[in-house]
Protein chains: 2
Amino acid sequence: MGGLHLDVKYKVICEEIAKNIREGLYQDTKKLPTEEELIEQFEVSRNTIRKAIDLLTRKGLVIPIQGSGVFLRSVSMDGAINLEDFHGLTHGFGENHVTTKVNSFKLIEADEKLAQVMQCEKGTPVYFIERLRSVAGVPYVVEYSYYNRELIPYLSEEIVKGSIYKYIREELKKSIGFVDRVITAGILNEHDARELGLTPGEPSLISTNRAFLKSGVIFDYSIDIHNYKETKFLKLSNYL
Amino acid sequence: MGGLHLDVKYKVICEEIAKNIREGLYQDTKKLPTEEELIEQFEVSRNTIRKAIDLLTRKGLVIPIQGSGVFLRSVSMDGAINLEDFHGLTHGFGENHVTTKVNSFKLIEADEKLAQVMQCEKGTPVYFIERLRSVAGVPYVVEYSYYNRELIPYLSEEIVKGSIYKYIREELKKSIGFVDRVITAGILNEHDARELGLTPGEPSLISTNRAFLKSGVIFDYSIDIHNYKETKFLKLSNYL
DNA sequence: TATAATTTGTCCGTATGTATA
DNA sequence: TTATACATACGGACAAATTAT
(Lines give C-alpha, C1' and ligand atoms only; values in the text may rest on other atoms or scores of the structure.)
Protein backbone atom coordinates (compact mmCIF):
# COMPACT_ATOMS: atom_id res chain seq x y z
CA MET A 1 0.00 0.00 0.00
CA GLY A 2 2.50 2.54 -1.10
CA GLY A 3 4.43 3.06 2.10
CA LEU A 4 5.54 -0.51 1.77
CA HIS A 5 7.63 -0.50 4.92
CA LEU A 6 5.06 -2.50 6.73
CA ASP A 7 7.75 -3.60 9.13
CA VAL A 8 7.20 -0.25 10.83
CA LYS A 9 5.11 -0.71 13.93
CA TYR A 10 2.66 2.12 13.59
CA LYS A 11 1.86 1.21 10.00
CA VAL A 12 1.29 -2.42 10.90
CA ILE A 13 -1.04 -1.35 13.69
CA CYS A 14 -2.81 1.07 11.35
CA GLU A 15 -3.41 -1.73 8.84
CA GLU A 16 -4.56 -4.06 11.60
CA ILE A 17 -7.10 -1.57 12.95
CA ALA A 18 -8.22 -0.69 9.40
CA LYS A 19 -8.87 -4.37 8.83
CA ASN A 20 -10.85 -4.54 12.06
CA ILE A 21 -12.92 -1.57 10.94
CA ARG A 22 -13.63 -3.17 7.57
CA GLU A 23 -14.72 -6.34 9.31
CA GLY A 24 -17.11 -4.43 11.54
CA LEU A 25 -15.36 -5.17 14.81
CA TYR A 26 -16.17 -1.79 16.32
CA GLN A 27 -19.70 -1.49 14.95
CA ASP A 28 -21.38 -1.77 18.35
CA THR A 29 -19.68 1.26 19.89
CA LYS A 30 -18.88 3.03 16.61
CA LYS A 31 -15.52 3.91 18.08
CA LEU A 32 -12.08 2.45 18.62
CA PRO A 33 -10.84 1.12 21.95
CA THR A 34 -9.18 3.82 24.05
CA GLU A 35 -5.50 4.58 23.56
CA GLU A 36 -4.83 2.83 26.85
CA GLU A 37 -6.52 -0.34 25.67
CA LEU A 38 -4.74 -0.27 22.31
CA ILE A 39 -1.41 0.18 24.11
CA GLU A 40 -2.04 -3.03 26.03
CA GLN A 41 -3.42 -4.83 23.01
CA PHE A 42 -0.43 -4.10 20.76
CA GLU A 43 2.16 -3.75 23.52
CA VAL A 44 3.63 -0.50 22.22
CA SER A 45 4.05 3.01 23.53
CA ARG A 46 1.38 5.67 23.48
CA ASN A 47 3.19 7.61 20.77
CA THR A 48 3.12 4.64 18.46
CA ILE A 49 -0.61 4.12 18.98
CA ARG A 50 -1.20 7.80 18.40
CA LYS A 51 0.81 7.70 15.15
CA ALA A 52 -1.29 4.76 13.97
CA ILE A 53 -4.51 6.60 14.80
CA ASP A 54 -3.14 9.67 13.04
CA LEU A 55 -2.66 7.61 9.89
CA LEU A 56 -6.19 6.23 10.12
CA THR A 57 -7.43 9.79 10.57
CA ARG A 58 -5.59 11.00 7.48
CA LYS A 59 -7.01 8.16 5.43
CA GLY A 60 -10.44 9.32 6.52
CA LEU A 61 -11.38 6.21 8.47
CA VAL A 62 -11.71 7.72 11.93
CA ILE A 63 -12.03 11.04 13.65
CA PRO A 64 -10.66 11.55 17.17
CA ILE A 65 -12.60 13.77 19.54
CA GLN A 66 -10.78 15.02 22.61
CA GLY A 67 -12.27 13.78 25.84
CA SER A 68 -14.61 11.43 24.06
CA GLY A 69 -12.89 8.87 21.88
CA VAL A 70 -11.86 7.96 18.35
CA PHE A 71 -15.02 7.60 16.28
CA LEU A 72 -15.54 5.69 13.07
CA ARG A 73 -16.09 8.05 10.17
CA SER A 74 -18.95 6.29 8.48
CA VAL A 75 -18.90 7.53 4.93
CA SER A 76 -19.87 5.30 2.09
CA MET A 77 -16.71 5.01 0.08
CA ASP A 78 -18.17 2.37 -2.23
CA GLY A 79 -17.65 3.25 -5.82
CA ALA A 80 -15.79 6.41 -4.92
CA ILE A 81 -12.13 7.32 -5.22
CA ASN A 82 -10.82 8.37 -1.83
CA LEU A 83 -8.27 11.06 -2.68
CA GLU A 84 -6.56 10.48 0.61
CA ASP A 85 -5.90 6.82 0.13
CA PHE A 86 -5.53 6.22 -3.56
CA HIS A 87 -2.96 3.81 -4.89
CA GLY A 88 -4.32 3.08 -8.32
CA LEU A 89 -7.68 1.85 -9.54
CA THR A 90 -6.99 -1.83 -8.95
CA HIS A 91 -6.07 -1.17 -5.34
CA GLY A 92 -9.32 0.68 -4.75
CA PHE A 93 -11.76 -1.48 -6.68
CA GLY A 94 -10.08 -4.88 -6.54
CA GLU A 95 -8.09 -6.53 -9.27
CA ASN A 96 -11.00 -8.56 -10.56
CA HIS A 97 -13.38 -5.74 -11.17
CA VAL A 98 -10.93 -3.61 -13.13
CA THR A 99 -10.29 -4.46 -16.77
CA THR A 100 -7.86 -2.62 -18.98
CA LYS A 101 -7.77 -2.12 -22.73
CA VAL A 102 -4.45 -0.79 -24.04
CA ASN A 103 -5.09 1.57 -26.96
CA SER A 104 -1.52 2.75 -27.39
CA PHE A 105 1.86 1.81 -25.99
CA LYS A 106 5.00 3.34 -27.41
CA LEU A 107 8.33 4.90 -26.56
CA ILE A 108 8.64 8.55 -27.49
CA GLU A 109 10.97 11.45 -26.76
CA ALA A 110 9.83 14.27 -24.50
CA ASP A 111 9.18 17.45 -26.40
CA GLU A 112 9.76 20.82 -24.78
CA LYS A 113 6.31 21.05 -23.25
CA LEU A 114 6.30 17.52 -21.82
CA ALA A 115 9.85 17.95 -20.55
CA GLN A 116 8.72 21.00 -18.64
CA VAL A 117 5.79 19.37 -16.86
CA MET A 118 7.84 16.23 -16.17
CA GLN A 119 10.86 18.23 -15.06
CA CYS A 120 13.24 16.29 -17.28
CA GLU A 121 15.54 17.06 -20.21
CA LYS A 122 14.02 17.59 -23.63
CA GLY A 123 14.52 14.38 -25.59
CA THR A 124 14.28 12.10 -22.56
CA PRO A 125 12.82 8.71 -23.56
CA VAL A 126 9.31 8.41 -22.21
CA TYR A 127 6.73 5.65 -22.42
CA PHE A 128 3.39 6.87 -23.70
CA ILE A 129 0.37 4.78 -22.87
CA GLU A 130 -3.31 5.21 -23.57
CA ARG A 131 -5.61 2.90 -21.69
CA LEU A 132 -9.32 2.51 -21.24
CA ARG A 133 -10.09 1.16 -17.81
CA SER A 134 -13.44 -0.28 -16.88
CA VAL A 135 -14.87 -1.20 -13.53
CA ALA A 136 -17.27 -4.13 -13.46
CA GLY A 137 -17.55 -3.87 -17.20
CA VAL A 138 -18.50 -0.18 -17.24
CA PRO A 139 -16.06 2.22 -18.96
CA TYR A 140 -14.62 4.31 -16.16
CA VAL A 141 -11.64 6.33 -17.32
CA VAL A 142 -9.44 7.00 -20.34
CA GLU A 143 -5.87 7.43 -19.11
CA TYR A 144 -3.11 9.13 -21.04
CA SER A 145 0.15 8.40 -19.19
CA TYR A 146 3.77 9.28 -19.61
CA TYR A 147 6.49 7.38 -17.73
CA ASN A 148 10.08 8.56 -17.61
CA ARG A 149 12.13 5.60 -18.89
CA GLU A 150 15.21 6.76 -17.01
CA LEU A 151 13.28 6.06 -13.80
CA ILE A 152 11.01 3.23 -14.96
CA PRO A 153 13.45 1.41 -17.24
CA TYR A 154 11.14 -1.34 -18.44
CA LEU A 155 7.46 -1.58 -19.20
CA SER A 156 5.72 -4.24 -21.28
CA GLU A 157 2.30 -4.61 -22.85
CA GLU A 158 1.66 -7.24 -20.20
CA ILE A 159 2.43 -4.94 -17.28
CA VAL A 160 0.53 -2.07 -18.84
CA LYS A 161 -2.54 -4.31 -19.08
CA GLY A 162 -2.58 -4.61 -15.32
CA SER A 163 -1.59 -2.24 -12.56
CA ILE A 164 1.49 -0.20 -13.38
CA TYR A 165 1.69 1.19 -9.88
CA LYS A 166 1.61 -2.29 -8.41
CA TYR A 167 4.49 -3.25 -10.75
CA ILE A 168 6.52 -0.23 -9.67
CA ARG A 169 5.96 -0.97 -6.01
CA GLU A 170 6.31 -4.72 -6.00
CA GLU A 171 8.69 -5.51 -8.85
CA LEU A 172 10.79 -2.38 -9.23
CA LYS A 173 10.62 -1.91 -5.43
CA LYS A 174 10.49 1.83 -5.81
CA SER A 175 8.63 3.97 -3.32
CA ILE A 176 6.12 6.49 -4.54
CA GLY A 177 6.58 9.62 -2.50
CA PHE A 178 3.83 12.04 -3.34
CA VAL A 179 1.35 13.05 -6.01
CA ASP A 180 0.08 16.39 -7.31
CA ARG A 181 -3.44 16.21 -8.64
CA VAL A 182 -5.45 18.91 -10.40
CA ILE A 183 -9.16 18.19 -10.75
CA THR A 184 -11.25 19.99 -13.34
CA ALA A 185 -14.31 19.43 -15.51
CA GLY A 186 -14.21 19.49 -19.28
CA ILE A 187 -16.07 18.62 -22.44
CA LEU A 188 -15.69 15.19 -24.01
CA ASN A 189 -14.17 15.06 -27.46
CA GLU A 190 -15.22 12.46 -29.99
CA HIS A 191 -12.51 9.96 -29.20
CA ASP A 192 -12.88 9.94 -25.43
CA ALA A 193 -16.67 9.93 -25.68
CA ARG A 194 -16.57 6.85 -27.88
CA GLU A 195 -14.22 5.07 -25.50
CA LEU A 196 -16.41 5.86 -22.51
CA GLY A 197 -19.67 5.05 -24.27
CA LEU A 198 -20.82 8.65 -23.97
CA THR A 199 -21.64 11.45 -26.38
CA PRO A 200 -19.21 14.18 -27.53
CA GLY A 201 -20.05 17.43 -25.78
CA GLU A 202 -21.03 15.69 -22.55
CA PRO A 203 -19.02 16.58 -19.43
CA SER A 204 -15.94 14.79 -18.18
CA LEU A 205 -14.27 14.80 -14.82
CA ILE A 206 -10.56 15.30 -15.40
CA SER A 207 -7.65 14.53 -13.11
CA THR A 208 -4.20 15.69 -14.21
CA ASN A 209 -1.50 14.06 -12.12
CA ARG A 210 2.20 14.16 -11.46
CA ALA A 211 3.63 11.34 -9.38
CA PHE A 212 7.01 11.67 -7.64
CA LEU A 213 9.35 9.08 -6.23
CA LYS A 214 10.48 9.62 -2.66
CA SER A 215 13.64 11.17 -4.04
CA GLY A 216 11.55 13.99 -5.48
CA VAL A 217 11.75 13.18 -9.20
CA ILE A 218 8.67 12.86 -11.42
CA PHE A 219 8.26 9.40 -12.89
CA ASP A 220 4.68 9.67 -14.10
CA TYR A 221 2.58 12.37 -15.68
CA SER A 222 -0.95 11.44 -16.60
CA ILE A 223 -4.28 12.85 -17.67
CA ASP A 224 -7.32 10.87 -16.62
CA ILE A 225 -10.59 11.54 -18.42
CA HIS A 226 -13.26 10.10 -16.16
CA ASN A 227 -16.77 8.95 -16.98
CA TYR A 228 -18.74 11.64 -15.14
CA LYS A 229 -21.67 9.30 -14.65
CA GLU A 230 -19.56 6.84 -12.71
CA THR A 231 -16.81 8.76 -10.96
CA LYS A 232 -16.94 10.37 -7.54
CA PHE A 233 -13.87 11.79 -5.82
CA LEU A 234 -14.01 11.75 -2.06
CA LYS A 235 -12.10 14.24 0.05
CA LEU A 236 -12.35 13.72 3.80
CA SER A 237 -10.50 16.54 5.47
CA ASN A 238 -9.77 17.50 9.03
CA TYR A 239 -9.25 21.08 9.95
CA LEU A 240 -5.59 21.84 10.44
CA MET B 1 -5.95 27.76 9.60
CA GLY B 2 -9.35 27.24 11.11
CA GLY B 3 -8.06 25.34 14.09
CA LEU B 4 -7.84 28.75 15.73
CA HIS B 5 -5.98 27.53 18.78
CA LEU B 6 -2.91 29.38 17.67
CA ASP B 7 -1.77 29.44 21.24
CA VAL B 8 -0.54 25.92 20.57
CA LYS B 9 3.18 25.97 19.91
CA TYR B 10 3.43 23.75 16.89
CA LYS B 11 0.63 25.62 15.12
CA VAL B 12 2.27 28.96 15.80
CA ILE B 13 5.54 27.63 14.42
CA CYS B 14 3.75 26.17 11.41
CA GLU B 15 2.19 29.56 10.64
CA GLU B 16 5.52 31.30 11.16
CA ILE B 17 7.33 29.01 8.75
CA ALA B 18 4.44 29.22 6.26
CA LYS B 19 4.80 32.99 6.36
CA ASN B 20 8.52 32.68 5.77
CA ILE B 21 7.87 30.45 2.78
CA ARG B 22 5.37 32.93 1.32
CA GLU B 23 7.90 35.71 1.74
CA GLY B 24 10.55 33.72 -0.08
CA LEU B 25 12.91 33.33 2.84
CA TYR B 26 14.04 29.86 1.82
CA GLN B 27 14.17 30.48 -1.93
CA ASP B 28 17.94 30.17 -2.17
CA THR B 29 18.15 26.63 -0.82
CA LYS B 30 14.58 25.64 -1.68
CA LYS B 31 14.45 23.87 1.65
CA LEU B 32 13.79 24.57 5.30
CA PRO B 33 16.51 24.81 7.92
CA THR B 34 17.27 21.44 9.52
CA GLU B 35 15.23 20.24 12.48
CA GLU B 36 18.23 20.98 14.69
CA GLU B 37 18.37 24.58 13.51
CA LEU B 38 14.62 25.05 13.91
CA ILE B 39 14.84 23.65 17.44
CA GLU B 40 17.36 26.35 18.33
CA GLN B 41 15.49 29.04 16.44
CA PHE B 42 12.15 28.44 18.16
CA GLU B 43 13.53 27.02 21.39
CA VAL B 44 11.22 24.02 21.49
CA SER B 45 11.65 20.27 21.50
CA ARG B 46 12.26 18.16 18.45
CA ASN B 47 8.77 16.67 18.66
CA THR B 48 7.21 20.10 18.44
CA ILE B 49 9.26 21.03 15.37
CA ARG B 50 8.35 17.75 13.75
CA LYS B 51 4.65 18.34 14.43
CA ALA B 52 4.92 21.77 12.81
CA ILE B 53 6.65 20.32 9.75
CA ASP B 54 4.02 17.59 9.62
CA LEU B 55 1.33 20.25 9.43
CA LEU B 56 3.16 22.07 6.66
CA THR B 57 3.48 18.77 4.83
CA ARG B 58 -0.25 18.07 5.11
CA LYS B 59 -1.07 21.52 3.79
CA GLY B 60 1.08 20.69 0.79
CA LEU B 61 3.73 23.35 1.38
CA VAL B 62 6.75 21.12 1.96
CA ILE B 63 7.90 17.57 1.46
CA PRO B 64 10.44 15.99 3.82
CA ILE B 65 13.00 13.63 2.35
CA GLN B 66 14.83 11.41 4.78
CA GLY B 67 18.54 12.06 4.92
CA SER B 68 18.26 15.10 2.68
CA GLY B 69 16.03 17.81 4.11
CA VAL B 70 12.57 19.35 4.04
CA PHE B 71 12.01 20.72 0.55
CA LEU B 72 9.62 23.40 -0.60
CA ARG B 73 6.83 21.96 -2.71
CA SER B 74 6.68 24.46 -5.50
CA VAL B 75 3.24 24.11 -6.98
CA SER B 76 1.38 27.06 -8.37
CA MET B 77 -1.68 27.32 -6.20
CA ASP B 78 -2.80 30.59 -7.78
CA GLY B 79 -6.43 30.49 -8.74
CA ALA B 80 -6.81 26.96 -7.47
CA ILE B 81 -8.64 25.58 -4.47
CA ASN B 82 -6.25 23.59 -2.32
CA LEU B 83 -8.41 20.81 -0.93
CA GLU B 84 -5.99 20.35 1.92
CA ASP B 85 -6.15 23.86 3.20
CA PHE B 86 -9.55 25.25 2.36
CA HIS B 87 -11.44 27.48 4.76
CA GLY B 88 -13.89 29.22 2.51
CA LEU B 89 -13.50 31.18 -0.72
CA THR B 90 -12.64 34.47 0.96
CA HIS B 91 -9.85 32.86 2.93
CA GLY B 92 -8.31 31.46 -0.23
CA PHE B 93 -8.77 34.35 -2.62
CA GLY B 94 -8.77 37.33 -0.29
CA GLU B 95 -11.79 39.23 0.91
CA ASN B 96 -11.50 41.94 -1.72
CA HIS B 97 -11.57 39.70 -4.74
CA VAL B 98 -14.64 37.74 -3.68
CA THR B 99 -18.06 39.30 -4.19
CA THR B 100 -21.31 37.65 -3.17
CA LYS B 101 -24.83 38.00 -4.51
CA VAL B 102 -27.51 36.53 -2.27
CA ASN B 103 -30.28 35.02 -4.39
CA SER B 104 -32.23 33.46 -1.58
CA PHE B 105 -32.13 33.50 2.20
CA LYS B 106 -34.86 31.87 4.21
CA LEU B 107 -35.64 29.69 7.17
CA ILE B 108 -37.17 26.34 6.32
CA GLU B 109 -37.86 23.04 8.02
CA ALA B 110 -35.80 19.99 7.14
CA ASP B 111 -37.79 17.45 5.17
CA GLU B 112 -37.06 13.76 5.49
CA LYS B 113 -34.36 13.73 2.83
CA LEU B 114 -32.51 16.78 4.13
CA ALA B 115 -32.78 15.54 7.69
CA GLN B 116 -31.10 12.34 6.64
CA VAL B 117 -28.08 13.94 4.97
CA MET B 118 -27.75 16.48 7.79
CA GLN B 119 -28.24 13.84 10.47
CA CYS B 120 -30.87 15.86 12.31
CA GLU B 121 -34.54 15.44 13.19
CA LYS B 122 -37.16 15.94 10.51
CA GLY B 123 -38.63 19.41 11.00
CA THR B 124 -35.43 20.95 12.36
CA PRO B 125 -35.25 24.64 11.46
CA VAL B 126 -32.62 25.17 8.78
CA TYR B 127 -31.38 28.26 7.00
CA PHE B 128 -31.42 27.89 3.24
CA ILE B 129 -29.17 30.17 1.27
CA GLU B 130 -28.46 30.47 -2.42
CA ARG B 131 -25.50 32.63 -3.33
CA LEU B 132 -23.58 33.47 -6.45
CA ARG B 133 -19.96 34.11 -5.65
CA SER B 134 -17.59 35.79 -8.04
CA VAL B 135 -13.83 36.12 -7.95
CA ALA B 136 -12.38 39.28 -9.44
CA GLY B 137 -15.73 39.93 -11.08
CA VAL B 138 -15.96 36.54 -12.78
CA PRO B 139 -18.84 34.24 -11.71
CA TYR B 140 -17.18 31.39 -9.90
CA VAL B 141 -19.70 29.25 -8.05
CA VAL B 142 -23.40 28.95 -7.26
CA GLU B 143 -23.74 27.73 -3.69
CA TYR B 144 -26.83 26.10 -2.24
CA SER B 145 -26.30 25.88 1.52
CA TYR B 146 -28.24 24.57 4.48
CA TYR B 147 -27.27 25.56 8.02
CA ASN B 148 -28.75 23.84 11.07
CA ARG B 149 -30.25 26.66 13.16
CA GLU B 150 -29.92 24.64 16.35
CA LEU B 151 -26.14 24.88 15.87
CA ILE B 152 -25.88 28.20 14.04
CA PRO B 153 -28.62 30.12 15.90
CA TYR B 154 -28.39 33.39 14.01
CA LEU B 155 -27.61 34.36 10.44
CA SER B 156 -28.41 37.67 8.75
CA GLU B 157 -28.47 38.91 5.18
CA GLU B 158 -25.39 40.92 6.11
CA ILE B 159 -23.39 37.91 7.30
CA VAL B 160 -24.52 35.81 4.37
CA LYS B 161 -23.22 38.48 2.01
CA GLY B 162 -19.72 37.93 3.35
CA SER B 163 -17.96 34.87 4.68
CA ILE B 164 -20.21 32.61 6.74
CA TYR B 165 -17.30 30.46 7.83
CA LYS B 166 -15.41 33.47 9.06
CA TYR B 167 -18.49 34.48 11.06
CA ILE B 168 -18.76 31.02 12.60
CA ARG B 169 -15.11 30.98 13.55
CA GLU B 170 -14.66 34.53 14.74
CA GLU B 171 -18.06 35.57 16.08
CA LEU B 172 -19.69 32.32 17.11
CA LYS B 173 -16.28 31.01 18.19
CA LYS B 174 -17.14 27.52 17.07
CA SER B 175 -14.47 25.18 15.79
CA ILE B 176 -15.02 23.43 12.50
CA GLY B 177 -13.84 19.88 12.94
CA PHE B 178 -13.92 18.17 9.59
CA VAL B 179 -15.52 18.19 6.16
CA ASP B 180 -16.73 15.48 3.79
CA ARG B 181 -16.53 16.51 0.18
CA VAL B 182 -17.75 14.62 -2.87
CA ILE B 183 -16.51 15.95 -6.19
CA THR B 184 -18.31 15.14 -9.41
CA ALA B 185 -19.02 16.64 -12.80
CA GLY B 186 -22.51 17.43 -14.06
CA ILE B 187 -24.54 19.27 -16.66
CA LEU B 188 -25.58 22.87 -16.08
CA ASN B 189 -29.30 23.55 -15.87
CA GLU B 190 -30.79 26.76 -17.12
CA HIS B 191 -30.74 28.60 -13.82
CA ASP B 192 -27.16 27.81 -12.84
CA ALA B 193 -25.91 28.46 -16.36
CA ARG B 194 -27.48 31.90 -16.33
CA GLU B 195 -25.95 32.72 -12.96
CA LEU B 196 -22.50 31.61 -14.09
CA GLY B 197 -22.72 33.29 -17.48
CA LEU B 198 -22.55 29.93 -19.24
CA THR B 199 -24.86 27.90 -21.46
CA PRO B 200 -27.27 25.17 -20.29
CA GLY B 201 -25.83 21.78 -21.19
CA GLU B 202 -22.25 22.86 -20.54
CA PRO B 203 -20.33 20.99 -17.83
CA SER B 204 -20.12 21.96 -14.19
CA LEU B 205 -17.71 20.92 -11.49
CA ILE B 206 -19.75 20.02 -8.44
CA SER B 207 -18.69 19.79 -4.83
CA THR B 208 -21.21 18.39 -2.35
CA ASN B 209 -20.11 19.07 1.21
CA ARG B 210 -20.98 18.24 4.77
CA ALA B 211 -19.21 20.26 7.44
CA PHE B 212 -19.00 19.02 11.03
CA LEU B 213 -18.23 20.81 14.25
CA LYS B 214 -15.52 19.30 16.42
CA SER B 215 -18.24 17.63 18.43
CA GLY B 216 -19.18 15.61 15.38
CA VAL B 217 -22.50 17.22 14.45
CA ILE B 218 -23.26 18.51 10.95
CA PHE B 219 -23.89 22.23 10.86
CA ASP B 220 -23.63 22.81 7.11
CA TYR B 221 -24.69 20.89 4.05
CA SER B 222 -24.00 22.54 0.74
CA ILE B 223 -23.90 21.93 -2.98
CA ASP B 224 -21.45 24.07 -4.92
CA ILE B 225 -21.92 24.34 -8.67
CA HIS B 226 -18.59 25.61 -9.97
CA ASN B 227 -17.80 27.43 -13.18
CA TYR B 228 -15.78 24.74 -14.94
CA LYS B 229 -13.83 27.30 -16.89
CA GLU B 230 -12.50 28.91 -13.74
CA THR B 231 -12.28 26.24 -11.06
CA LYS B 232 -9.37 23.92 -10.34
CA PHE B 233 -9.20 21.70 -7.29
CA LEU B 234 -5.73 20.90 -6.07
CA LYS B 235 -4.91 17.73 -4.17
CA LEU B 236 -1.35 17.39 -2.95
CA SER B 237 -0.98 14.01 -1.33
CA ASN B 238 1.78 12.15 0.36
CA TYR B 239 1.87 8.42 0.33
CA LEU B 240 0.75 6.99 3.63
C1' DT C 1 -24.84 22.39 39.41
C1' DA C 2 -20.46 21.01 40.74
C1' DT C 3 -16.87 17.39 40.97
C1' DA C 4 -14.37 13.57 39.61
C1' DA C 5 -13.07 10.27 36.22
C1' DT C 6 -12.14 9.35 31.53
C1' DT C 7 -9.98 10.27 27.16
C1' DT C 8 -7.51 12.72 23.83
C1' DG C 9 -4.06 16.78 23.04
C1' DT C 10 0.32 19.04 23.80
C1' DC C 11 5.10 19.10 25.08
C1' DC C 12 9.31 17.59 26.83
C1' DG C 13 13.49 14.33 26.76
C1' DT C 14 16.26 10.34 24.99
C1' DA C 15 17.92 6.57 22.14
C1' DT C 16 18.42 4.23 17.94
C1' DG C 17 17.48 3.29 12.94
C1' DT C 18 17.73 4.57 7.95
C1' DA C 19 18.40 7.20 3.81
C1' DT C 20 21.15 10.64 1.65
C1' DA C 21 25.21 13.41 0.72
C1' DT D 1 33.29 5.30 5.16
C1' DT D 2 31.75 9.10 7.67
C1' DA D 3 28.77 12.67 8.69
C1' DT D 4 24.26 14.69 8.13
C1' DA D 5 19.34 14.73 8.50
C1' DC D 6 14.96 12.80 8.87
C1' DA D 7 12.14 8.47 10.88
C1' DT D 8 10.79 5.44 14.44
C1' DA D 9 10.03 4.29 19.17
C1' DC D 10 10.19 4.63 24.07
C1' DG D 11 9.19 7.19 28.40
C1' DG D 12 6.84 10.77 31.39
C1' DA D 13 4.08 15.04 32.83
C1' DC D 14 0.46 18.09 32.43
C1' DA D 15 -3.56 20.44 29.85
C1' DA D 16 -8.16 20.44 27.86
C1' DA D 17 -12.54 18.52 26.53
C1' DT D 18 -16.03 15.36 27.43
C1' DT D 19 -18.68 12.15 30.20
C1' DA D 20 -20.23 10.14 34.35
C1' DT D 21 -21.20 10.76 39.24
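Just so it is clear: chains get the letters A, B, ... in the order the sequence lines come, proteins before strands, and each one is counted from 1. As a basis for the values below, the full set of heavy atoms in this structure was taken, side chains included, without hydrogen atoms, waters or symmetry mates.
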- request: Determine whether any donor atom in the side chain of Q66(B) lies under 3.5 Å from an acceptor atom in the base of dT20(C), or the reverse, and answer yes or no.
  value: no
- prompt: Quick one: F71(A) CZ to dA17(D) P, roughly how many Å, whole number?
  reply: 16 Å
- prompt: What integer distance in Å separates K214(B):NZ from dT8(C):P?
  reply: 14 Å
- request: Any chance you could measure I164(B), atom CD1, to I159(B), atom CD1, to the nearest 0.5 Å?
  value: 8.5 Å
message: Checking side-chain polar atoms at under 3.5 Å, does S163(A) have a donor or acceptor matched by the opposite partner on T90(A)?
response: yes
- prompt: What integer distance in Å separates I63(B):CD1 from dC6(D):P?
  reply: 13 Å
message: Among R181(A), R73(A), K235(A), which residue satisfies the salt bridge (charged side-chain N to carboxylate O under 4.0 Å, His left out) criterion with E84(A)?
response: K235(A)
- request: Give the ring-plane orientation class for F178(B) versus F212(B), where under 30° counts as parallel, over 60° as perpendicular and anything between as tilted.
  value: parallel
- request: Using a 4.5 Å cut-off on heavy atoms from C-beta on, say whether the side chain of H226(A) contacts that of I81(A).
  value: yes
query: Tell me: CD of E37(A) to P of dT6(C), nearest whole Å?
result: 12 Å
message: Expected output is a numbered-order residue list: members of residues 22-36 of chain B with a heavy atom under 4.0 Å from any atom of DNA chain C. What is it?
response: none
query: Taking the inter-plane angle between the rings of F128(A) and Y146(A) on a 0 to 90° scale, is it parallel (under 30°), tilted (30 to 60°) or perpendicular (over 60°)?
result: tilted
- prompt: Between the side chains of S45(B) and N47(B), does any donor sit under 3.5 Å from an acceptor?
  reply: no
task: Determine, for D54(B) against R58(B), whether the closest basic-nitrogen to carboxylate-oxygen distance falls under 4.0 angstrom.
output: yes
task: Measure from NZ on K174(A) to P on dA19(C) and round the result to the nearest Å.
output: 15 Å
message: Is Y10(A) close enough to dT8(D) that one of its side-chain N or O atoms is under 4.0 Å from OP1 or OP2 there?
response: yes
query: Do N209(A) and D180(A) meet the criterion of a side-chain donor-acceptor pair at a distance under 3.5 Å?
result: no
- prompt: Once you round it to whole Å, what is the distance between C1' of dT8(C) and CG of L38(A)?
  reply: 12 Å
Gap between atoms OH and P, on Y239(B) and dA7(D) respectively (whole Å): 18 Å
task: Output the residues of residues 42-58 of chain A in contact with DNA chain D, where contact means a heavy atom of the residue under 4.0 Å from an atom of the strand; sort by number or write none.
output: V44(A), S45(A), R46(A), N47(A), T48(A), K51(A)
field: Counter-base of dT1(C), judged by Watson-Crick or G-U geometry with both distances under 3.5 Å
entry: none
task: May I have the distance from K9(B) (atom NZ) to dA16(D) (atom P), rounded to whole angstrom?
output: 13 Å
